[in-house]
Every structure is written in structure tokens, then in C-alpha cells.
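Inspection log for the structure reproduced underneath, given as C-alpha cells.
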Amino acid sequence: MKKYFSSFFLLFLTIAFAQDLDLNNTEVVVKGKEPKPSITLYKIYNLQKDSTFVDTTLTIQSEYKYNLLRKDIFGLLPFSNEGQTYNTLDFGLIKKRLQPNMGFTAKHFNYIEANDVQYYSVPTPLTDLYYKTVMEQGQSLDAFLTVNTKENFNFSIAYKGLRSLGKYVNILTSSGNFRFTSSYFTKDKRYFLNTHFTGQDISNQENGGIINTADFESGDTRFKERNRIDVYFENATSLLKGNRFFVDHSFKLNKTNPNSLVFTHQFEYEYKFFEFTQPTVSSRFGASYSNNISNKTRFNQMYNKVGVAYTTKSYGDLSFFVDDANYNYYYNSVIYGNSGAIEVPNSISDRINMFGGNYTYRIKDILTNVTVSQSISDPSISNIEANAKYRFNDAIAFEFNYQKLNSLPNLNYTLYQSNYISYNWYNNFKTEKTNQFSFSANTKWVNLSAEYKVLNDHLYFDNTTNDIASLLIKPVQYDKTINYLSVKASKEIKFWKLALDNTILYQAVDQADNIVNVPQITTRNTLYFSDYVFKRAMLIQTGFTFQYFTKYYGNDYNPLIGEFYVQNEKKIGDFPMVDFFINARVRQTRLFLKAEHFNSAMTGNNFYSGPNYPYRDFMIRFGLVWNFFK
């Protein structure tokens, strides 16, 4: 460990004294040259036109977002290797889509969706470099560059790559996420264009978890080398791969009148597939048609949305739209029943047309928004959303949301084919119905949010054997009502150079059967110290993060279908996870060093991300986030 700390601080010192500093984060100062533009001019925005600017500060949020997903993952429990899946502790993080996707949701945490892509406007070229060590034999890197060739034209290019061998047998991860964006507007600002392309592949060796959890829990020194623990699969691999082209543009009809019609169009084409290969069959999934498992599910979708909006200063904004979604989900074979008729077809192809409208109105400090959409064609799906935001002052704001959603299930609930006999199905499920209310209050005293959901015809995957050692999973639709409540509170308390950041989540479920299983309490508490050193050339941040969740029947992971399934045989949780970190900021460079789960040897080997998937052991990881402003 001493070697790690020495190398880390040597890197700190090199950067600290090799650069002129910008500790106020307002402008970059270079000796003998004019000051560069303010950091607030380096803008980031999404399709909803919500914007922010590049943040090079070092806060506790910087620590929370320093991970593969580049976001705060409170409520997600990572598996042992970087780039594997995450178990979801916070059920509120699971969002339903109105129209069906292909499914395989456990493999999509690191998959960049269309709404995740951001667009940029920068006065000078901007580069962002993310680097982090992994568990063993590999690295994680995210490199990004954006340039405005003119004030009204921007492009960006980025690639996130990961390779990590992991500590257990057959658990290597390898992924790549390429993205290219471009933004343009005319000088009279009547026409706006945002477009992007993504090419992504996420490959995981799948070991199915450890066979005998007693070997892991025993503390036997032989099994401290985790690759000595027997796993279910030694040659299984999953691959999610996809390409997407996306365009969003608008045209304002009247050049001078602010009360004008605006025409909008959105186009998306995406092709992706999920593949599971296993040269040696496993009895864990039951009998098979062949001795070599190779399952490949393909999906493509073309989406068009055309709208017209009327914008006024006095009466708000009103818009109407129609959209067309044409998708194909398919395999290369059909399965016949005993009668000779097709029992499981090879494809689902459908076209869904919808119409809807949106109204936005501001009354002094209250911003309201209502969206309604309804399908024109069968099957009947609909969405109603209402939102109100009230800002009392700069320190106090409130938000209320309501949604009534009648949505189609993901396509792998309806159709799935496999070389494993029990993993072939074709279903005709009802639409899922969700009513949810949410409220949030951000104040100087506490940040508070609450959510209440009523679920009907809820879909989930279930193990028909009720035995974790034997996985015969089927999709099931629950015919009773599920009521879900969550309350989350967070507050950072500062004293002198110390700070204590607290987040606690309470969840409760009212249901006749154990379908939606959640930990009652999930908490994260960080005590840290911050101060400037080396004549204020460097900002140091160091402390401890404590994480904990109460015992519950956590969902288990099935790599064959790339999904989590409900189980009520083994509880996980009730173990502390303590990290020690030292972070630093020099100019626009942030450096991170962390001793992850350093208490693992002190609290017993009872830490799991899933019923037979151990959580991460103690390890030291480090890296940086480096911004360049040319």
C-alpha cells in the first residue's frame, strides 16, 4: 500500500507545479496570454434543452460519480468485477417505457440510450479524460473531445473502453462505447439540429456465480485466492451489441414574431442483438436440444415523431405530435409442438402509431407541464404525465410529478428462444399499468423526496424450481395489485474543514406475495476532510464512506436471458461496506485513490451482490479525470 500512496502523491506534485492554477474555476489563466473564456461558457445540454456547464470542481459528488457509469450509483449494488451488472436496491430507479424494448435489462446498465446522449457548445476545444484501474489485468478509460468549428456548429467524439479480468473464474469483462454527436443552428436561430451515432458492444464471461457459498463464507485461506472457488460455468459468454443513428431538429416558421409555429421532427434507427454462447451445456438450465449452446436475439427499430408547437410569451407553449414506431424482434428458427403446429414463432414485428400533446405554462415562480399520449393502433397504450415546479428562492425548491402509464412489456417477456428446452416461450401478456406520484423538496435544511407507485399486471421473471442451484426461469404476470412507497432524505453537514454527507432511503411494499422485494433501509454516510495544501496549489479531500442495506430477498441474476429474477430462498444484505479515499484537485485535474471495502476481512465473508454472487473484496484502485481547455 505504501507504494501506491507514494506514486499517487508523486503524480499530484508533478501536476501541481507544472501548471498555472485556476482555483476559482472561472477562467483558465496562462502566463503571457489573454484569459480564456469563463468555464460557464462550456455548456452541456440534453434533448429537453436542460443545460449545465462543465464542472471541474472537486466535491463529494465528484467522488460518487467516479465510476464506470459516470453518475451517482446510490441504490445500485455492483457485482464483483467492473463492467458486470448491478443489483437494484432502489426499486424507484426502475423506469417503465411506453413502447416495448428488446429487454435483457441486466445487460443495459452500461449501454448508452438515446436520452443519455448529451450535446455541447464550447468556445474552445474541450477534452475530458477518465481513467481508473480495475480488478485485475485491464483498465477503464473514457476519452472525449468536443469542438465548435463555428459558433453555431459543434461536434464531439468519444470512446469508453473497459477490460477487466476479475478475481473469479470466467468473469472477464470487455466493452466499448463509441459516440459521435453534432449540433447546428442557423444564424437567425430558426433551425436547430442535434444528431448522434453510437456503436456499442458489451461482452461478459458468465460464470453463473459460485457453486458452494460455504467455501466463500468459511474464511479458509485456500479460498482467499478467489479463482480457486468453483463456479457454475467456465466457458459461457454473453454479448450485447448495437448501433444507433439519431436526429432531432426543429424549424421556427416566423423569423421575427416570438408567437410562432415551430415544426419538429425526431428520427431514430437502432439495430442490436444479444447473444449467449456456451460450448458445454449445463444441467442447471435443464435439458437442451444440442451440445453447443448458441442463442442470438436480434432487434431493430425505426422511429419517427413529427410535431408542431406554438410558442407564446403570455400563454405558454402548446404542442401536438404523431409518431410511428416500426420494430422487428426475431430469431432464425421456429419451434413446433407435438401437434405439428408452430408453438414458438421466430419473430414479432409490429407498428405502433401514437398521437399526443404537451402544454407548458409558467405562473410567476411556478412552472407546470402536462403531457398526454395515446396509441391510434392496437394494442392500446397510453401515458399521462403532469409536473409542477415551484422555486421559492435560490435555496428552496419543490417539485410534484404524476404519471399514469399503460405500457407494453419488453419483447423478451413475449418471445424467447434457446437451445435449452425450458427457455422457449411465446406469451400474450396484458399491458402493465402504473400509477405513480412523486414529490421532492430541496431546501437548505434537507433534501427530501418521496414516491408512491401502484402496479397492476406487473411482469417479472420467476424461478419455477424455487432452487437457486436449478434455474428454470419463466416470465410471469402478477394478477394482484402491488403498492410501493419510498422516502429518501439527504443532507450534508459542514463544520470547519470537515463535512458529513448523509443519504438514507426507506422503502415499503404492500403485496399479497413477495414479488417486489426491496431492502427496508439503504444508507450511505461519508465523513471527509477538505483543505488546500502546497500554498493553495492543491485541494485535498479525504475520508470514509459507509454503505449499508438491510437484509432482504435480493433478486438473482440469470446470464442466459440477461435478466434478474425474483427469488425467496436466500437473503442478502446486513453487511457494512466501508471505503477510504484520498482525492485531490489541481487546476482542471482531479485525482482519485480509494481503498474499497477495506473492512471486508473484519466483518466476515457474508457480503453478496446476489444470492450466489459475492460482492467485491478489499482492493486499492486509483485514477483521474482530466479536462483540457485549449
Side-chain angles (χ1 to χ4, degrees), residues 64-97 101-118 130 132 134-135 138 140-142 158-164 166 171-179 198-209 237-244 270 272-276 297 299 410 412 460-461 505 518-519 522 524 547 549 554-566 572 577 596 608-610 613-616 621:
Y64 295 154
K65 293 178 181 179
Y66 186 63
N67 56 66
L68 178 67
L69 303 186
R70 307 294 300 272
K71 66 179 182 181
D72 189 346
I73 59 171
F74 177 79
L76 295 178
L77 183 64
F79 275 42
S80 66
N81 197 16
E82 190 86 331
Q84 280 186 279
T85 188
Y86 297 78
N87 212 334
T88 303
L89 303 177
D90 181 359
F91 184 73
L93 296 177
I94 300 176
K95 305 298 182 184
K96 298 289 186 182
R97 288 169 49 119
N101 205 336
M102 73 178 297
F104 308 97
T105 56
K107 309 309 300 180
H108 278 75
F109 285 97
N110 189 31
Y111 191 86
I112 301 171
E113 304 288 355
N115 287 331
D116 299 327
V117 176
Q118 296 178 316
Y130 164 97
K132 191 173 186 179
V134 293
M135 286 61 194
S140 176
L141 177 68
D142 191 0
Y159 182 80
K160 178 166 65 173
L162 167 69
R163 187 187 188 278
S164 178
I171 205 171
L172 181 144
T173 64
S174 177
S175 65
N177 306 77
F178 172 82
R179 59 237 191 240
T198 59
Q200 306 178 72
D201 59 273
I202 300 168
S203 176
N204 295 96
Q205 290 182 342
E206 306 281 5
N207 66 19
T237 302
S238 68
L239 173 64
L240 174 67
K241 190 170 184 177
N243 295 323
R244 179 177 59 249
E270 184 168 34
K272 57 184 176 179
F273 67 82
F274 176 77
E275 184 176 33
F276 180 87
T297 307
F299 172 80
N410 283 338
N412 64 335
Y460 64 99
F461 288 98
L505 171 68
V518 295
T522 305
R524 179 181 65 194
Q547 298 182 80
F549 61 95
N555 290 347
D556 201 3
Y557 171 59
N558 185 325
L560 177 63
I561 58 173
E563 295 279 3
F564 281 88
Y565 67 92
V566 173
I572 63 171
M577 297 165 281
E596 296 185 3
Y608 290 91
S609 297
Y613 286 91
Y615 181 67
R616 298 172 178 177
R621 302 174 67 191

*Stepwise side chain to side chain donor-acceptor pair (under 3.5 Å) test for Y565 and D556*: CA-CA 5 Å; Y565 67 92; D556 201 3; 2.9 Å; yes

[X] vs [Y] side-chain heavy atoms within contact, under 4.5 Å:
X    : Y    : result
N555 : N87  : yes
F549 : D90  : no
H108 : E113 : yes
D116 : Y111 : no

Minimal non-hydrogen separation, [X] against [Y], with atom names:
X    : Y    : value
R616 : P78  : NH2-CB, 3.6 Å
L239 : S203 : CD1-CB, 3.9 Å
G199 : N243 : CA-OD1, 3.3 Å
G176 : Y159 : CA-OH, 3.3 Å
I171 : S80  : CD1-OG, 3.4 Å
G208 : P559 : CA-CG, 4.5 Å

[X] (side chain) donor-acceptor with [Y] (main chain) under 3.5 angstrom:
X    : Y    : value
K71  : L68  : no
N410 : M102 : no
E270 : R244 : no
N177 : N110 : yes
Q200 : I112 : yes
N558 : L560 : yes

*Who pairs with R621 by salt bridge (Lys or Arg N to Asp or Glu O under 4.0 Å), at least two apart in sequence or on another chain?*
E82, E596

*Can you name the one residue among R179, K160, K132 that meets salt bridge (charged side-chain N to carboxylate O under 4.0 Å, His left out) with D142?*
R179

Look up atom [atom1] in [X] and atom [atom2] in [Y], then write down how far apart they are to the nearest 0.5 Å.
X    : Y    : atom1 : atom2 : answer
T297 : K272 : OG1   : NZ    : 12.0 Å
I94  : T105 : CD1   : OG1   : 7.5 Å
L240 : E275 : CG    : CD    : 11.0 Å
F79  : N204 : CZ    : CG    : 11.0 Å
Q84  : S175 : CD    : OG    : 12.0 Å
L162 : L141 : CG    : CG    : 10.0 Å

_Geometric class of the F109/Y86 ring pair [parallel <30°, tilted 30-60°, perpendicular >60°]_ = tilted

*Is there a side chain to side chain contact (heavy atoms under 4.5 Å, CB included) between N412 and E563 once you walk through the steps?*
CA-CA 10 Å; N412 64 335; E563 295 279 3; 2.9 Å; yes

_Between Q205 and T237, a side-chain donor and acceptor under 3.5 Å_ = no

Less than 6.0 Å separating the ring centroids of [X] and [Y]?
X    : Y    : result
F104 : F274 : yes
F564 : Y460 : no
Y615 : Y608 : no

*Would L76 and T88 satisfy side chain to side chain contact (heavy atoms under 4.5 Å, CB included), going step by step from the backbone distance to the final call?*
CA-CA 5 Å; L76 295 178; T88 303; 3.9 Å; yes

*Is NZ or CZ of R524 both nearer than 6.0 Å to the six-membered ring centre of Y64 and within 45° of the ring axis?*
yes

*asked:* Between N81 and S164, is the side chain to side chain donor-acceptor pair (under 3.5 Å) condition met? List the steps.
replied: CA-CA 7 Å; N81 197 16; S164 178; 2.6 Å; yes

